[in-house]
S.K.: 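What follows is a single structure, and I will ask about it in a moment.
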Amino acid sequence: MEKVKCECGHVNPYGTVICESCGKPFFEEEKGLLNMRYEGVARRSQTYNKTMIDKVWNFFSSVKVGIWIIVITLVASSIGTIFPQEFYIPPTANPTFFYEAEYGALGKIYYLLGFHDLYNSWWYMLLIASLGVSLIICSLDRVVPLHRALKTQKVTRHESFLKRQRVHGVSKVASFNETRNQAKNILKAKKYKLFEEDGNIVAEKGRFSRWGPYVNHIGLIIFLIGCMLRFFPGMYVDENIWVREGETVVIRGTDGEFFLRNDQFIVDFYDDADERFRDALVRAGSPIVKKYQTSATLFKRVDDGVVGRDPELVEVARHDIRVNDPFKFEGYALYQYAFKQNEISQMSFEIEESETGERFGRIDVSTYDPQTVYNLGGGYKVEIIEYFPDFYFDDRRTPASKSRIPNNPAFIFKIITPDNEEGEISFVGIQTNQDINGENTHQMRFVDIDMNHVTNLVVRKDYTLGILMVGGIVFMIGLIQGMYWTHRRVWIQKVNDELWMSAHTNKNWYGLKKDIEAVVSKTELTMPMDNVEEEEKKS
Amino acid sequence: MANMAQLSSSLLLIAFFLYLAATIFFAVSVTGKKFKNKAGEEKNKAGSLGYISSIIALLFALGYFVTRWIVAGHAPVSNLFEYTTFLGIMMSLAFVILYPIYKANVLGLFTMPIVMLIIAYASMFPREVSPLIPALQSIWLKIHVITTALGQGILAIGFAGGLIYLLRVIDFKKSDKQVKAIEFVMYSIISIVGYILISSIFSGLNYEAQFTYIDEKGMEAEMVYHLPPVVGPNEAVLLTDERMTPFFNVHPNIKSADLNTVIWSLLTGLVLYYLIRLITRRKIGELLQPLLKGVSPQAADEISYRAIAIGFPIFTLGGLIFAMIWAQIAWTRFWAWDPKEVWALITFLFYAAYLHLRLSRGWHGEKSAWLCVIGFAIIMFNLIFVNLVIAGLHSYA
C-alpha cells in the first residue's frame, strides 16, 4: 500500500482524505464543504479489504452496522414486554399452556417463537455480543488515526482546507500584527490554547472532548465484560433461605461458614388514623404495608466443620433486615425477600376414650421434627407411623406430602393403651380424624396449635458488581466529556494581503460563533460566513 | 398538616396559571410587531416577561414540591400524579436553563403549553398523598426519580425544538406523508386536551356507572366507570340506573375502564381536531406555521440537538445507572427485565441511535427532528402505557 506524500512534505498513510499535517484535501475535484468527520484520516476499514479478517473488521467498523444492531436490539427488547416473561408468570404455571390460556392465539405464537424467554435466548445474546464487537472495532478503527491526525496537525493550513470550512471569512485589515495580537488575547481570555507558526495562528480548545465517545465505549465494553463474567460459575452467589422465628440455619452459598438466626419477623402496616394518608388508604381499601423486617443474628462457625457434628457457633453481628436495607457481611448480602405468616409449628393432641370422653395425657408434636414415639406413662403411648407435612391425596388416592413445609400437617397415629397393646391406628389432619379400621375405642383429640412466622431471605455475593460499577463510571465520564465539552478550532492565517479566518467544531456551532463574534467585535476582522446558514437562506 | 397540603395544591395551581401567563407573553412576543427604539433596542419586551413568568412559575411549582414533601415525609415522586407533575416541572426547569443561551421566544411558546398539558394530565390521576410501600422506602427514590425526570424534561425540550423545526419547514400545501404525520402528532396532543376536557366534564357531573363483571381469575368483581361506558368489562351487569349500556364487552385481561377512557379521549380529540379544521379551514400545522416565520430552521435544529446532548447523559445516569444501583439494593438484582426497565433501556438505545445517526450519517434537519418527536413519544409511552397497561414491578397504583 502506497503512502501519500503531501505537497507540505508530510507522508500520510494510504487512504488519507485530508493531509494530517496541513489539511490539504487530496480529492480536490470534490467541491463544497469538507467532510471533517474524523479529520479525514485513513481508517483501516476504508483501506484494506482482502482477507477474511479485513472483511469482518470492515463489517463491524461501520457505524451504519452499529446503528442497525442498536435498532434491532431496541425492537427485540420491546417485543419482550408485550406479554410477561417466563420468570414473571406464576411459578406454578406451565408456560406451555399458560400463554395460550391467558392470551389466546397470540400468546401461543409468542411462546412458540420463544419470546417468553427472549432475553435469555441465543439470538438476543448474539445481538448484545455483536453490539460489544461493534463497539470495540468501531472505536479502534477511528481513535488511533484520529489521535495521530490531531497530534500531527500543523498550525499553517492549506488554503483549500480553510476555504472549505463551514465557518470561513476573509478580511482586509490595515494592521496584520495588531489584529492578530488582539484576536490572540481575546481567544486566550476565552481559554483557547494558542499555537503560532510564521505569523499564522490556530486557537484550539476542548480537544479532549473528542475522546469522549471512545472513553464511554470503553466503559460500555467493561460493563458488558462484567455481564459476560456472570456466565461463569462462581462469579456470583444467588441463593435463598427460609428461616423460622427462633430457628438458626446455615446460610446457603457460604460453604457452611455462616449461620443465621431469625430472632423475630414483623410486618407493619400504616396506621389508618394517620391523617396524611387517610384518603389514599381509603382508596386502597386494604391495609398498606409499612415494613417487612427480620431481626437477625449472624453466627460464624468456628470448629473444623466435620459433617454430623453440631457446629460451634460464635455470634458475629446483628441486623434488622428490611427491604432496601440488606444485611451485609464479608462480601455477602442478605435481602428481605418474602415471608410466610402463621405457619403451624406445633400441634397438640390428647388421647381420648371415645365413649366416655375421658382424656389421658397430652403430646406436643413439632411439625418440623416430630418424634416417632411419645411415652405418656401408665401404659399409654403414641407412635407416629407416618407424617405428611403438606398433606394431599395423590393420583392413586393415597395420602402423600407435596413438600416438607408444614402447610397442611397430617399424621397416622398408633395409640397404645394398657388395654390394647397392639394399638389402634387413626389418621389425623386438619379437620379430619379418621378411624382406619373402624373399631377404635380411642382417638387423638386436637387441643392446641402453635404458629410461627417464616422469613425468606435472598443470599447474594457478586464479584462482578465492582466491574459493572467501574464500567458505569467510565461510561458516564466519557459521555459527559463528549457531550458537555466541544472541540473548537479557529484558524487565523495571512493569505496574500488578506487575513483569513476559519473555524471548526464537532458540535455547538452556536457557541463557536459567539466566540468568533467576540473576536470580530473588537478587531478589524469581519464576521465569517456560516456556509450552512447561507445555503439555508438561499433555499 | 391539612393546611400545608392545601397550600401545596394552591401553589401548584398558581404555578399552572403562571405557565399560562408565560405562554401568552411568548405568543405576544412571537406574533407581535418587532419594533425598535432609537437606540436600536428591542422594545417588544414580551419575551422577557414570558421568561420572568416562567421563572416565577417554576418557583411556585418548586414550592408545591417542597410543601408536599414536608406533608408526605417523602419526596413527592412516588405515584403517577406526583411523577408526571414533576416531569412537567423539570421540563420547565430545563427551559429556564436553556432559554438564556438561545433567547428563542418561540421555544417558550412551545414548551410552556406542553408543561401545562403535562401538569393538567397529571392532575387527572388520584392526587392523595400515598404512603410508601417498603420497596420505595429508600434514599434512591429521590436520587433515581429526580435525576430521571430532569433528564426526560431536558429531552422533552429536544422534542419541542424538533416540533418547531418540522412546523417551520414542512410544506402544508402538499398532502404528503410528512404532513399527515405531523397532523397526527397534533391530533395526539389534542387528544390529551380531549382527555382532560371530557374527564373534567363528567367528574364535574359526578358521573358514575357501576358494573359487576367476571375478572381474569373467573371471580365476580365490581368496577366503577367515570365516563359513559362505550365498552364494558367481561360479562358486565350494569348496576347504576339510567346509564347507557356498553356496545360490547371486552376480554377480562383488558382493563375495560381504561380502554373506555382512551376511546373517549380519542373521540373527543377527533371532534376537537375537526372542529378546529372546520372553523379555520386549515390544517393545525398550517395554523401554527405563520408563528414560526422568523425562526431559523438551523437554529431550531441546533437547540433540539443541544437539548438532547445535555439530557441524554442525565437520563442515562438517572434512568439506568441509579436505577440499577437501587434495583440491586431493593430487588436484590441490578437488572430484572421489568417492562419499565426495558423501556428505559429502549429510550437509551433510541437516543444513542439518534446521536450516532447525527454524528456519522449526517441526519440533520428533518430526519433528526422526527427522531426527537419519536423519542419523546417513547418516553411518554413508558410513563403512561407501561405503567397503566403492562403491570410490572414498577406499577405503583
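Note on naming: letters A, B, ... go to the chains in the order of the sequence lines (proteins, then strands), and numbering restarts at 1 for each one.
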S.K.: Which word best sums up how the rings of A:Tyr119 and A:Tyr124 line up, parallel for under 30°, tilted for 30 to 60°, or perpendicular for over 60°?
M.R.: perpendicular
S.K.: Tell me whether the NZ or CZ atom of A:Arg230 lies within the 45° cone about the ring axis of A:Tyr236 and under 6.0 Å from its centre.
M.R.: yes
S.K.: Would you call B:Asp301 and B:Arg358 a salt bridge, using N to O less than 4.0 angstrom?
M.R.: yes
S.K.: Can you say whether A:Tyr292 sits under 4.5 Å from chain B via the side chain, the backbone, both, or neither, judging by heavy atoms?
M.R.: both
S.K.: When the ring planes of B:Phe348 and A:Phe475 are compared, do they come out parallel, tilted or perpendicular, using 30° and 60° as the limits?
M.R.: perpendicular
S.K.: Quick one: which of A:Phe87, A:Trp68, A:Tyr38 has the most heavy-atom pairs under 4.5 Å with chain B, could you say?
M.R.: A:Phe87
S.K.: So that I can tick it off, tell me whether B:Glu82 and B:Arg68 are bridged by a salt bridge, with the cut-off set at under 4.0 angstrom between side-chain N and carboxylate O.
M.R.: yes
S.K.: Does any heavy atom of chain A fall under 4.5 Å from the side chain of B:Ile321, the backbone, both, or neither of them?
M.R.: side chain
S.K.: For B:Gln137, is it the side chain, the backbone, both or neither that has a heavy atom under 4.5 Å from a heavy atom of chain A?
M.R.: both
S.K.: Would you call the rings of B:Trp337 and B:Trp335 parallel, tilted or perpendicular if under 30° counts as parallel and over 60° as perpendicular?
M.R.: perpendicular
S.K.: Which atoms of A:Val458 come close to chain B, meaning under 4.5 Å heavy atom to heavy atom: side chain ones, backbone ones, both, or neither?
M.R.: side chain
S.K.: Given heavy-atom pairs under 4.5 angstrom as the criterion, report whether the side chain, backbone, both or neither of A:Leu118 touches chain B.
M.R.: neither
S.K.: At a 4.5 Å cut-off on heavy atoms, which part of A:Ile70 comes close to chain B: side chain, backbone, both, or neither?
M.R.: both
S.K.: Is B:Leu132 close to chain A through its backbone or its side chain, or both, or neither, when contacts mean heavy atoms under 4.5 Å?
M.R.: both
S.K.: Does the pair B:Lys340/B:Asp338 count as a salt bridge with the N-to-O cut at 4.0 Å?
M.R.: no
S.K.: What part of B:Ile139 lies closer than 4.5 angstrom to a heavy atom of chain A: side chain, backbone, both or neither?
M.R.: neither
S.K.: Below 4.5 Å from any heavy atom of chain B, which atoms of A:Arg278 appear? Answer side chain, backbone, both or neither.
M.R.: neither
S.K.: Give a yes or no on this: more than 12 heavy atoms of other residues, nucleotides or ligands lie within 6.0 Å of atom CE of B:Met124.
M.R.: yes
S.K.: Non-hydrogen atoms of chain B under 4.5 Å away: do they reach the side chain of A:Leu74, the backbone, both or neither?
M.R.: both
S.K.: Between A:Ile473 and chain B, which part of the residue has a heavy atom less than 4.5 Å away: side chain, backbone, both or neither?
M.R.: neither
S.K.: Check whether any side-chain N or O of B:Thr148 sits under 3.5 Å from a backbone N or O of B:Gly318 as a donor-acceptor pair, and report yes or no.
M.R.: yes
S.K.: Any idea which of A:Glu533, A:Met476, A:Glu102, A:Lys514 has the most non-hydrogen atom pairs under 4.5 angstrom with chain B?
M.R.: A:Met476
S.K.: Return the option, out of B:Met324, B:His356, B:Gln298, with the maximum number of heavy-atom pairs under 4.5 Å with chain A.
M.R.: B:Gln298
S.K.: If we define contacts as heavy-atom pairs under 4.5 Å, which of A:Val63, A:Asn35, A:Val282 has the most with chain B?
M.R.: A:Val63
S.K.: Tell me, for A:Tyr510 versus chain B, whether the close heavy atoms (under 4.5 Å) come from the side chain, the backbone, both or neither.
M.R.: both
